[in-house]
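Throughout, numbering of the chain's residues begins at 1 and tracks the sequence.
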Amino acid sequence: MPTFTEETTPYEVLLRFNEGKLSGAHYQTITHVKRDGLIISSQSDALQQLALVEGEEGQKLSEVLGEITAATIIENQTLTEDLTAAISKIDELTAQLEQAQEAAEGWSVIRNA
């Protein structure tokens, strides 16, 4: 039986400038419906106004950017760790291959003698 899940994640942050100064910001999320881990439906959620300063309507821009930045840093760290492990495995397999090649060359010399 298929497993269905729903996941809402950040989609975009829009910063609006007027004469070089930040004049507005909006935040949007996207909701994915997944069946057995594969996305079968996506829906962009309504834009949410972000507050540039205390007292304005909406979640603070600094909070949203802080959350997104933190999530990005964590994801980067995870990917870096995965890459380091993969490079280590490649190095290990390369060393094994080199040993096997040396053994094969040695075997070839013995057979041809």
Exercise for the section: Decide yes or no for Gln59 and Gln49: does some side-chain heavy atom of the first lie under 4.5 Å from some side-chain heavy atom of the second? Expected result: no

So the side-chain hydrogen bond (donor to acceptor under 3.5 Å, both in side chains) pairs with at least one residue in residues 30-39 (sequence neighbours excluded) are Glu7-Lys34, Thr8-Thr31, Thr31-Asp45, His32-Ser42

Rounded to the nearest 0.5 angstrom, the OG-CG distance for Ser62 and Leu50 is 9.5 Å

Interatomic distance, CG@Leu79 vs CD1@Ile74, rounded to 0.5 Å, equals 12.0 Å

Is it the case that one hydrophobic cluster holds both Ile30 and Tyr27, taking links as side-chain heavy atoms less than 4.5 Å apart, direct or via other members? no

Here the gap from Ile40 atom CD1 to Thr5 atom OG1, rounded to the nearest 0.5 Å, amounts to 8.5 Å

Taking every heavy atom of Ala51 against every heavy atom of Gly58, the minimum-distance pair comes out as CB-O, 3.5 Å

Rounded to the nearest 0.5 angstrom, the CG-CD distance for Leu93 and Glu98 is 11.5 Å

If you look only at distance, which donor and acceptor atoms sit under 3.5 Å apart when one is on a side chain in residues 9-17 and the other is two or more places apart or in another chain?
residue, atom, partner, partner atom, Å
Arg16, NH2, His26, ND1, 3.2

One should read off an interatomic distance between Lys60 NZ and Glu67 CD, to the nearest 0.5 angstrom, of 12.5 Å

Separation between CG (Leu97) and CD (Glu102), nearest 0.5 Å, reads 10.0 Å

In this structure, are over 12 heavy atoms from other groups packed under 6.0 Å from Glu81 atom CD? yes

With a 4.5 Å limit on heavy-atom distance, are the side chains of Val53 and Glu56 in contact?
yes

Any Gln101 side-chain heavy atom under 4.5 Å of Gln96 side chain: no

